[in-house]
Amino acid sequence: MSDLAPRTRTAFPPPLLIGAALAVVGLVLLVFGATTPQLVTPAKAAVALLGLGLLLAGASRLGKVWAGPGFDVVFWFGAAWLLLLGLAILCAPWLPLAEDRDVASTVAEPVFATPTFTGGHPLGTNAFGLDLLARSLYGARSSLLISVSAVALGTVVGGAIGMVAGYFRKSVDRVVGIATNSLLAVPPLILLIALATVLQPHLRNVAFSLALLTIPGMVRLARATTMAYANREFVVAARAMGATRSRILLRELLPNVLLPVLSLAVVMISVLIVAEASLSFLGLGIQPPEPTWGNMIAEGEGRVFEEHPHIVLVPGAFLFLTVFAFNIVGEKARGRWDSRSVKL
């Protein structure tokens, strides 16, 4: 008796093979465009970008085969970049990096060396022979330390104030609302410039100045979330059982407020990285020779950028990729933990 059951045709070539081929070709083009000395800089950049695009396309296909159609290659790319950057920052003192700030020790080093991605200066050097890769990594340490500290301070202060305003309401809510609106009425850049002219440009002072930018947003989100949960059954039951106000705030409301606030905090880190870079670019943030991405970009002012574009493009690429990664990861977290923001 013959088998009359229909046979399922398998797609050829299978998606796994297509994804692997795209990833391999993209990786080869990326390495070739980054390391070959036979092409001019624009052509090298074009080949490297084409390789990166093919690599992401191949990784997307492989990820969908492995994890299903919901695999988001952009999210995983951002998470991988943040992980690699964090490991590089932590291990920077033990990595074989060239000098990043001592001008006296770079007298014999080439100035304005172009990126070769090999050798002692893979991303080139600046006008003083300082290594741009080392300065970018140590600049990332300064920028992230300032931004994370500012967001942590703003989250704690703003979240606490918002929860108190949302729970007690009435006169407390009105006072907090007036203070928050007053702070929002001042343009952020003007506020930062005013604080920078009064405070010394240290890490602590810059972090404190940037924390003021995060407090209003944290207050509003914590207040709205607290008001949404203040009349829920578990809060009413706790109040009926004689729980104190502080216990209700800490044990019943805080766990529900924490996740939306933390997801917003991840997005705010990217905002403050740009704000810190803007201050350093204007000369109001961390001062050279301490590297930050902002004062590194400022080294390309005038005709320097026209003649040596890598002076700006190297720290600019670090800044762009880090801000992009924090935005992607933060928005993914907000979509999962704060469904109300997605509906809005």
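Below, each value reflects all heavy atoms present in this structure, side chains not excepted, and no hydrogens, waters or symmetry copies.
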Holding to side-chain contact (heavy atoms from CB on, under 4.5 Å), I want the full list of residues that pass it with [X], two or more places apart in sequence or in another chain.
X: R245; answer: Y167, F168
X: V236; answer: R239
X: A325; answer: W81, L82
X: V312; answer: I297, F305

I'd like to know whether F77 forms a side chain to side chain contact (heavy atoms under 4.5 Å, CB included) with I328, so could you lay out the CA-CA distance, the side-chain angles of the two residues, the decisive distance to 0.1 Å, and finally the verdict. CA-CA 9 Å; F77 171 77; I328 292 298; over 6 Å; no
Same cluster or not: [X] versus [Y], using hydrophobic residues (I, L, V, M, F, W, Y) connected whenever any side-chain heavy atoms lie under 4.5 Å apart?
X: W293; Y: L84; value: no
X: L249; Y: M227; value: no
X: V103; Y: V111; value: no
X: F320; Y: M296; value: yes
X: V176; Y: L183; value: yes

Q.
Strictly distance-based, threshold 3.5 Å: is any side-chain N or O of N327 a donor or acceptor partner for the main-chain N or O of S270?
A.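 Flag not set: sc N327 to bb S270 has no pair under 3.5 Å.
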Please set out all donor-acceptor pairs under 3.5 angstrom arising from side-chain atoms of residues 252-261, sequence neighbours excluded.
| residue | atom | partner | partner atom | Å |
| --- | --- | --- | --- | --- |
| N256 | ND2 | E252 | O | 2.7 |

Rounded to the nearest 0.5 Å, what separation is found between the [atom1] atom of [X] and the [atom2] atom of [Y]?
X: L153; Y: R204; atom1: CG; atom2: CZ; result: 12.5 Å
X: L132; Y: T125; atom1: CG; atom2: OG1; result: 6.5 Å
X: M268; Y: M218; atom1: CE; atom2: CE; result: 6.0 Å
X: T292; Y: L145; atom1: OG1; atom2: CG; result: 12.5 Å
X: I146; Y: L210; atom1: CD1; atom2: CG; result: 7.0 Å
X: L55; Y: L50; atom1: CG; atom2: CG; result: 11.0 Å

- Item | Heavy atoms from other residues, nucleotides or ligands near CZ of F128 exceed 12 (cutoff 6.0 Å) | no
Which heavy atom of [X] sits nearest a heavy atom of [Y], and at what distance?
X: P216; Y: L184; answer: CB-CD2, 3.5 Å
X: A222; Y: T226; answer: O-OG1, 2.6 Å
X: P188; Y: L213; answer: CB-CD2, 3.8 Å
X: H310; Y: G124; answer: CD2-CA, 4.5 Å
X: L272; Y: A150; answer: CD1-CB, 3.6 Å

Anything under 30° is parallel, anything over 60° is perpendicular, the rest tilted; go ahead and classify F112 against H308.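 Judged by the thresholds at 30° and 60°, the geometry between F112 and H308 is parallel.
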- Return each pair, listed once, that meets side-chain hydrogen bond (donor to acceptor under 3.5 Å, both in side chains) where at least one residue sits in residues 207-221; pairs must be two or more places apart or across chains.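 Qualifying pairs, neighbours excluded: N181-R220.
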Q | Residue pairs fulfilling side-chain hydrogen bond (donor to acceptor under 3.5 Å, both in side chains) with at least one residue in residues 142-166, sequence neighbours excluded | A |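 Residue pairs with at least one partner in residues 142-166: S142-E290, S143-E276.
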Subject >> Fellow cluster residues of I178, listed by chain then number, with links counted only when side-chain atoms sit under 4.5 Å apart >> reply: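 Reading the cluster by chain and number, I178 sits alone, since nothing else belongs.
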Exercise for review: Quick one: list whatever passes side-chain hydrogen bond (donor to acceptor under 3.5 Å, both in side chains) with S182, sequence neighbours left out.
Suggested key: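 Testing S182 for side-chain hydrogen bond (donor to acceptor under 3.5 Å, both in side chains), a comparison that skips the adjacent residues, returns none.
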Residue pairs meeting salt bridge (charged side-chain N to carboxylate O under 4.0 Å, His left out), one or both in residues 115-142, sequence neighbours left out, come to R135-E299
Could you walk me through whether V164 and I161 satisfy the side chain to side chain contact (heavy atoms under 4.5 Å, CB included) test, starting with their C-alpha distance in whole Å, then the side-chain angles of each, then the deciding distance to 0.1 Å, before giving a yes or no?
CA-CA 5 Å; V164 171; I161 294 175; 5.9 Å; no
Not counting sequence neighbours, which residues clear salt bridge (Lys or Arg N to Asp or Glu O under 4.0 Å) with D100? List them please.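 Testing D100 for salt bridge (Lys or Arg N to Asp or Glu O under 4.0 Å), a comparison that skips the adjacent residues, returns none.
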> Do F234 and R251 have side-chain heavy atoms sitting under 4.5 Å apart?
Replying inline: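 Not touching, per the 4.5 Å side-chain cut-off.
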Decide yes or no for F75 and V329: does some side-chain heavy atom of the first lie under 4.5 Å from some side-chain heavy atom of the second?
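When only atoms from C-beta onward are counted, V329 and F75 do touch, with a gap below 4.5 Å.
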Quiz: residues 87-99 side-chain donor-acceptor pairs under 3.5 angstrom, not counting sequence neighbours:
| residue | atom | partner | partner atom | Å |
| --- | --- | --- | --- | --- |
| E99 | OE2 | R101 | N | 3.1 |
| E99 | OE2 | D102 | N | 2.8 |

- Task: Using the side chain to side chain contact (heavy atoms under 4.5 Å, CB included) rule, take L284 and L192 through it: C-alpha gap first, then chi angles, then the decisive distance, then the call.
- Result: CA-CA 9 Å; L284 300 174; L192 291 177; over 6 Å; no
Determine whether L137 and F318 satisfy the following criterion, side chain to side chain contact (heavy atoms under 4.5 Å, CB included), listing intermediate values before the conclusion. CA-CA 9 Å; L137 291 181; F318 273 87; 4.2 Å; yes
